[in-house]
Amino acid sequence: MIYNEEFETLPREAIEALQLKRLQQVVSRVYHTVGFYRKAFDSAGVTPDDVQSLDDLKKLPFTVKQDLRDNYPFGLFSVPMSNIVRLHASSGTTGKPTVVGYTKRDIDTWATLMARSFAAAGLTKNDVIHNSYGYGLFTGGLGAHYGAEKLGASVIPMSGGSTKKQILLLQDFGPTAICCTPSYLLFLAEAGREMGVDMKSLRLRVGILGAEPWSDRMRDQIEKELDISALNIYGLSEVMGPGVSMECIEGRNGLHIYEDHFIAEIIDPKTGEVLPYGETGELVFTTITKEAFPLIRYRTKDITRLMPEVCKCGRTFMRMERISGRSDDMLIIRGVNVFPSQIESVIMDIEGLEPHYQLIVDREGSLDTLEIQVEVSEKVFSDEIRELQNLEKRIKKDVKDYLGVTAKVKLVEPKKLQRFEGKAQRVVDKRNI
Ligand code: DLL
């Protein structure tokens, strides 16, 4: 079902006309209400009147995470605090969190976009949605919650953690959909099996999974272990939270960007130049309807490409490909660039390995080194040493052949590596420790 048929199936020209009108409004508003933008536009020599076409967007300066930090906590809000009804924050790895604010209308827009996302996953008011995204400052929990309610579905506000209880409710409440990170769903599947639960016999039909990079191979594994359809949802707190884009169950290939609310661009992360449709680069978003915290040309650091071909589901919004990584997650091992998700794809193609891995980056002399730690299945673990050595060799060879990187490989016994309730941390960087 298409939740907002009148918007989600607009012809291309109508989408672009709507985007331009909304872009002009937001650019003028931030120029007059947010000191940071006025200064940034002035020093770039542009005024709101210079935006006469969508192409003119590229005249505007970028906004980056550091700008949010410099204006911590509320400096980029464009409405008085009395109009803010909700705050969220993302912790990040260093320093102060990034704070975002919402007006009443922003919360309603967000709920609508999440309801759209659930509908794109084939869900209706008759579904029961088990929400294991964390509730709190993280946008996952409340974002999915409001969307599920807006759709009219029954929502189970489970949040993360309490794994045994999660399994119990999955059995007893019979949810038809689950929201969590893909890595946590695999962990739940494993925990369920240990409790003697047949995870395939649950009523679950679909997973709305995101908040971290994951590969198509990981999707296959999840679908196999739980007998569900595993769909990809994307978003970031700065832009709104989950529900900036979502894969549809009909296409299952690329995520529809909600273009009536966000304008996406792909740029070369090194030069900042806008790349032609279809090329891979850094995703940049401009929000065109947000009231409290509009963002102009925000550099996400997420790497993907836009897919202009029309999807078979009938939605006309442009799709983005599954995120392959973040520009700041990219590893450079002896000059070769690799993303953790590429390593994930290679190792998950090899029989006998579990979808639990960690990448240890270190330095020997002046060279960076990579060690792949990956769990083997119970069955392989009980094999002879020689078999394990062969498996190690195979991983090394495949990683070298496909990615051009020489890595050390360490096979780890089942269930040895850390599990995560939220976003998985795949890379341990020992170089700066
Ligand atoms: O992770 C919002 C969210 C919650 C999205 C629940 C989906 C589901 P942040 O904590 O601000 O917000 O982190 C945003 O997470 O820039 C990406 O690097 C990454 N990310 C989010 N969704 C995906 C995805 C939420 N589907 C950052 N695939 C983003 C890959 C994702 N990476």
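This is a predicted model, so every value here is computed, not measured. In each ligand, atom 1 is the first atom listed, and ligand 1 is the first ligand listed. In what follows, every heavy atom counts, from backbone to side chain, and hydrogens, waters and symmetry copies are set aside. Numbers here are sequence positions counted from 1.
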Task: Numbered atoms of ligand 1 (with element) below 4.0 Å of R326, judged on heavy atoms - done: 16 (O), 18 (O)
Open item on the list: Within the 4.0 Å heavy-atom shell around N232, which atoms of ligand 1 are there?
Closed with: 24 (C), 26 (N)
TODO: Have a look at E225 and tell me which of K200, R193, R219 forms a salt bridge (Lys or Arg N to Asp or Glu O under 4.0 Å) with it.
DONE: R193
Open item on the list: For ligand 1, which is the ligand I care about here, please tell me if I233 has any N or O atom under 3.5 Å from one of the ligand's N or O atoms.
Closed with: yes
TODO: Note the single closest protein heavy atom to atom 22 (N) of ligand 1, along with its residue, its atom name and the distance in Å.
DONE: A211 N, 3.0 Å
Open item on the list: With heavy-atom distances below 4.0 Å as the criterion, list the atoms of ligand 1 near T139.
Closed with: 2 (C), 12 (O)
Open item on the list: Against L204, only a single residue in L170, T176, D227 fulfils side chain to side chain contact (heavy atoms under 4.5 Å, CB included); can you say which?
Closed with: L170
Open item on the list: Looking at non-hydrogen atoms alone, which of M114, H88, E212 comes nearest to atom 24 (C) of ligand 1?
Closed with: E212
- [ ] Give a yes/no on ligand 1: does R322 have at least one heavy atom closer than 4.0 angstrom to it?
- [x] no
Task: Which residue and heavy atom of the protein sit nearest atom 25 (C) of ligand 1, plus the separation - done: G235 O, 3.6 Å
Task: R116 to F317, cation-pi by 6.0 Å centre distance and 45° axis angle - done: no
Task: Protein contact to atom 11 (O) of ligand 1 [nearest heavy atom, distance to 0.1 Å] - done: S237 OG, 2.4 Å
Open item on the list: Counting only heavy atoms not in K415 (residues, nucleotides, ligands), do more than 12 fall under 6.0 Å from its NZ?
Closed with: yes
Task: G210 neighbourhood, listing ligand 1 atoms whose heavy-atom distance to it stays under 4.0 Å - done: 7 (C), 8 (C), 26 (N)
- [ ] Could you check I333 against T406 for side-chain contact (heavy atoms from CB on, under 4.5 Å), going step by step and ending with a plain yes or no?
- [x] CA-CA 8 Å; I333 307 298; T406 307; over 6 Å; no
Task: ring-ring contact (aromatic ring centres under 6.0 Å, His included): pairs with one or both residues in residues 119-142, sequence neighbours excluded - done: Y135-H145
Open item on the list: Taking 4.0 angstrom as the limit and counting only heavy atoms of G140, give me the atoms of ligand 1 inside it, by number and element.
Closed with: 4 (C), 6 (C)
- [ ] For E351, look at atom CD and say whether over 12 heavy atoms of other residues, nucleotides or ligands are found less than 6.0 Å away.
- [x] no
Open item on the list: Do the side chains of R105 and D108 get close enough for a salt bridge, i.e. N-O under 4.0 angstrom?
Closed with: no
- [ ] Return yes if some donor-acceptor pair links the side-chain N/O of D106 with the main-chain N/O of A292 below 3.5 Å, else return no.
- [x] yes
Open item on the list: Looking only at protein heavy atoms, which one is nearest to atom 29 (C) of ligand 1, and what is the separation?
Closed with: D302 OD2, 3.3 Å
Open item on the list: Looking only at protein heavy atoms, which one is nearest to atom 1 (O) of ligand 1, and what is the separation?
Closed with: K423 NZ, 2.7 Å
